[in-house]
Asks: 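There's a structure below that I have some questions on.
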Amino acid sequence: MVQSFLVRTEIQKRWIQKFKEVEDIFKERATENDKKAQFPYKNIEWLIQEGYTKLTLPKAYGGEGATIEDMVILQSYLGAIDGATALSIGWHLSVVGQLYEQHMWDQRMLDAFAKEVVNGALVNRAVSEAETGSPTRGGRPGTHAVKVDDGYVLNGVKTFTSMSKALTHYIVGAYVEEIDSVGFFLVPREYAGVEVADNWNMVGMRATESHDLVLNDVHVPTEYFVEAGLKPQPNGWILHIPSCYLGIAQAARDYAVHFAENYSPNSIEGIIADLPTVQQNLGKMESLLLSARHFLWSTAHGYQLYEEDAQIWNVTSASKVMVMNQGLEVIDLAMRIVGAKSLEMDRPLQRYYRDMRAGLHNPPMEDMAYTNIAKSITGKM
């Protein structure tokens with residue numbers, strides 16, 4: 001993969017070498033998992049065993065202390081191997097990175113949960129709901145928490161819970177009647193009343209098994225009410241999303257280049273890579289990918305350098321929008337180069353296309369990104 005030229009830290013070098021060792025195995029599994037809408041359990045188990053789930057946990061807590069730039073590079077590489085695996089584990093990496101960078105919980109809870117992560121815990125936020133749509137639009141969740149003597153009782157249904165069956169913990173957003181506001185609760189999977197609905201049936205990212213999370217009178221102790229009244233802060237860890245999709249676009253590019261260099265129909269002399277029209281598409285595809293890659297990676301590299309919150313919000317939002325739009329165009333060009341064969345179910349291009357389309361619905365949404373950027377430059381924030 002041409003993206004490896006920017007690899008520069010020991011963490012990046014070590015993990016990319018590990019990924020290379022399992023790359024072919026992961027790619028073989030990706031086809032079958034997509035067909036069956038089956039979660040990549042073996043891939044995730046390998047990542048846990050090798051310690052990848054500790055990547056974004058600070059060293060002080062027993063983790064690897066990877067930076068956002070490390071995560072972006074590695075998630076891009078993993079996304080090119082298997083998008084569903086990368087997106088799934090990316091949610092965990094992002095949540096852990098943000099929790100500890102921003103010290104979002106009480107110190108005692110951070111200490112306790114770090115031990116869970118070191119021992120292989122998997123966590124994701126459960127915030128979306130059918131009635132409210134994306135939580136970034138500000139709707140009040142239907143999931144609610146009622147105060148009782150020794151904690152809280154949660155009821156509700158959360159949608160798009162990626163890694164739902166593999167998670168050990170959920171961070172559930174709920175309306176808390178006691179404070180008339182939204183709060184977040186840490187909910188271990190083994191708690192009574194926690195169920196996963198087997199209802200994930202999507203065209204794209206089928207293997208993430210992002211089923212509904214159902215909460216029926218789930219009792220959680222008081223200390224597991226972990227977040228309330230926090231002021232929103234810029235979150236560079238959300239760059240795991242465009243990183244994954246950049247990897248998928250990279251995989252489409254690699255496939256199209258290999259095809260063009262090896263396909264020689266009897267209607268021409270030589271290979272189709274020699275044809276001017278194909279060369280134009282190859283050049284445009286590569287240019288789009290270079291642009292998206294460098295914008296995303298420069299955003300990750302400069303995350304700690306921006307002086308104003310608005311700058312961080314703008315570049316992180318713009319990175320996701322740019323990667324998605326240009327990545328979709330890269331895949332479209334790749335499919336044009338390969339032709340009708342790109343639609344064959346035994347070839348990965350059709351899966352890359354379906355998975356890439358799914359990314360449009362990951363946060364931040366394009367219209368919200370543009371609106372917030374506009375407000376920041378017109379003084380309306």
Side-chain angles (χ1 to χ4, degrees), residues 57 61 91-92 94-199 210-235 237-238 363 368:
L57 184 69
Y61 293 91
W91 289 113
H92 166 87
S94 175
V95 168
V96 171
Q98 184 188 20
L99 282 179
Y100 288 87
E101 178 189 279
Q102 299 180 4
H103 300 282
M104 300 180 73
W105 296 355
D106 176 85
Q107 188 61 52
R108 184 172 56 179
M109 284 299 297
L110 288 174
D111 291 338
F113 192 65
K115 294 178 182 178
E116 298 281 357
V117 174
V118 169
N119 290 327
L122 289 175
V123 65
N124 194 6
R125 290 187 179 273
V127 288
S128 297
E129 295 185 0
E131 291 78 14
T132 60
S134 170
T136 59
R137 300 190 184 279
R140 194 180 94 174
T143 301
H144 59 277
V146 177
K147 184 74 173 71
V148 293
D149 290 341
D150 54 350
Y152 293 83
V153 175
L154 276 61
N155 281 279
V157 178
K158 294 296 184 178
T159 58
F160 300 108
T161 312
S162 295
M163 287 200 296
S164 55
K165 293 182 179 179
L167 293 171
T168 60
H169 296 78
Y170 310 89
I171 301 176
V172 178
Y175 173 70
V176 186
E177 297 180 358
E178 177 192 22
I179 60 174
D180 189 24
S181 184
V182 177
F184 286 85
F185 296 81
L186 180 64
V187 181
R189 180 178 60 191
E190 69 268 16
Y191 274 19
V194 176
E195 299 177 12
V196 174
D198 201 355
N199 62 349
S210 304
H211 303 293
D212 288 358
L213 174 67
V214 182
L215 305 161
N216 292 311
D217 292 329
V218 178
H219 181 275
V220 296
T222 302
E223 62 267 26
Y224 279 28
F225 181 15
V226 288
E227 298 171 32
L230 296 179
K231 179 183 177 182
Q233 297 184 53
N235 177 21
W237 299 100
I238 204 67
M368 292 295 293

Asks: Looking at Lys165, is its backbone amide N or carbonyl O close enough to the side chain of Arg189 to form a donor-acceptor pair, meaning the two atoms are under 3.5 Å apart?
Replies: yes

Asks: Taking C-beta and beyond as the side chain, do Leu99 and Met109 meet within less than 4.5 Å on heavy atoms?
Replies: no

Asks: Return yes if some donor-acceptor pair links the side-chain N/O of Tyr61 with the main-chain N/O of Val118 below 3.5 Å, else return no.
Replies: no

Asks: Quick one, Phe113 with Val226, criterion side-chain contact (heavy atoms from CB on, under 4.5 Å). Give me CA distance, side-chain angles, the key distance, then yes/no.
Replies: CA-CA 11 Å; Phe113 192 65; Val226 288; over 6 Å; no

Asks: Starting at CD1 of Ile238, measure out to OG of Ser94 and round the result to the nearest 0.5 Å.
Replies: 4.5 Å

Asks: Measure from the side-chain N and O atoms of Tyr100 to the backbone N and O of Ala114, and report whether any donor-acceptor pair falls under 3.5 Å.
Replies: yes

Asks: Taking the side chain from Gln102 and the backbone from Pro234, do they hold a donor-acceptor pair closer than 3.5 Å?
Replies: yes

Asks: Work out which heavy atom in Leu122 is nearest to a heavy atom in Ala166; give both atom names and the distance.
Replies: CD1-O, 3.6 Å

Asks: Between Val218 and Val172, is any pair of side-chain heavy atoms under 4.5 Å apart?
Replies: no

Asks: So Thr161 and Leu167, side-chain contact (heavy atoms from CB on, under 4.5 Å) or not? Walk me through it.
Replies: CA-CA 9 Å; Thr161 312; Leu167 293 171; 4.1 Å; yes

Asks: Taking only residues two or more places apart in sequence or in another chain, which ones pass salt bridge (Lys or Arg N to Asp or Glu O under 4.0 Å) with Asp111?
Replies: none

Asks: Got a sec, which residues hit ring-ring contact (aromatic ring centres under 6.0 Å, His included) with Trp237, two or more places apart in sequence or on another chain?
Replies: none

Asks: Do you know the tightest heavy-atom contact between His211 and Val196?
Replies: CB-CG1, 3.6 Å

Asks: Over all heavy atoms of both residues, which pair between Thr159 and Ala130 is shortest? Give the atoms and the distance, please.
Replies: CG2-N, 3.7 Å

Asks: Would you find more than 12 non-hydrogen atoms of other residues, nucleotides or ligands less than 6.0 Å from Lys147 atom NZ?
Replies: yes

Asks: Does Gly173 offer a backbone N or O that forms a donor-acceptor pair with the side chain of Lys158 under 3.5 Å?
Replies: yes

Asks: Keeping Ser162 on the side-chain end and Ser210 on the backbone end, is there a donor-acceptor pair under 3.5 Å?
Replies: no

Asks: Using modelled atom types and a 3.5 Å cut-off, is there a donor and acceptor pairing between side-chain atoms of Asn155 and backbone atoms of Asp217?
Replies: yes

Asks: Under 3.5 Å, sequence neighbours excluded: what are the donor-acceptor pairs made by side chains of residues 175-183?
Replies:
from, atom 1, to, atom 2, distance (Å)
Tyr175, OH, Asp180, OD1, 2.3
Glu178, OE1, Tyr152, OH, 2.7

Asks: Looking at His219 and Val153, would you say the former's side chain and the latter's main chain have a donor-acceptor pair under 3.5 Å?
Replies: no

Asks: Less than 4.5 Å apart, side chain to side chain, heavy atoms only: is that true for Val123 and Glu116?
Replies: no

Asks: Which heavy atom in Leu154 sits nearest to a heavy atom in Ala145, and how many Å separate them?
Replies: CD1-CB, 3.9 Å

Asks: Using 0.5 Å steps for rounding, measure from the NE2 atom of His169 to the CZ atom of Arg125.
Replies: 14.0 Å

Asks: Keeping the roles fixed (side chain from Glu129, backbone from Gly142), state whether a donor-acceptor pair exists under 3.5 Å.
Replies: yes

Asks: Give a yes or no answer on whether the side chain of Asn199 reaches the backbone of Asp212 with a donor-acceptor pair at less than 3.5 Å.
Replies: yes

Asks: Assign the ring pair Phe225 / Phe185 to parallel, tilted or perpendicular, where the plane angle (0 to 90°) is split at 30° and 60°.
Replies: parallel

Asks: With the side chain counted from C-beta on, respond yes when Val220 and Leu186 share a heavy-atom pair under 4.5 Å apart, and no when they do not.
Replies: no

Asks: Using every non-hydrogen atom in the two residues, find where Met104 and Leu230 come nearest and quote the distance to one decimal.
Replies: O-CD1, 3.8 Å

Asks: Give, for atom CG of Asp198 and atom OG of Ser164, the distance between the pair rounded to the nearest 0.5 Å.
Replies: 8.0 Å

Asks: Got Glu101 and Gln233 here, is their nearest side-chain heavy-atom distance under 4.5 Å?
Replies: no

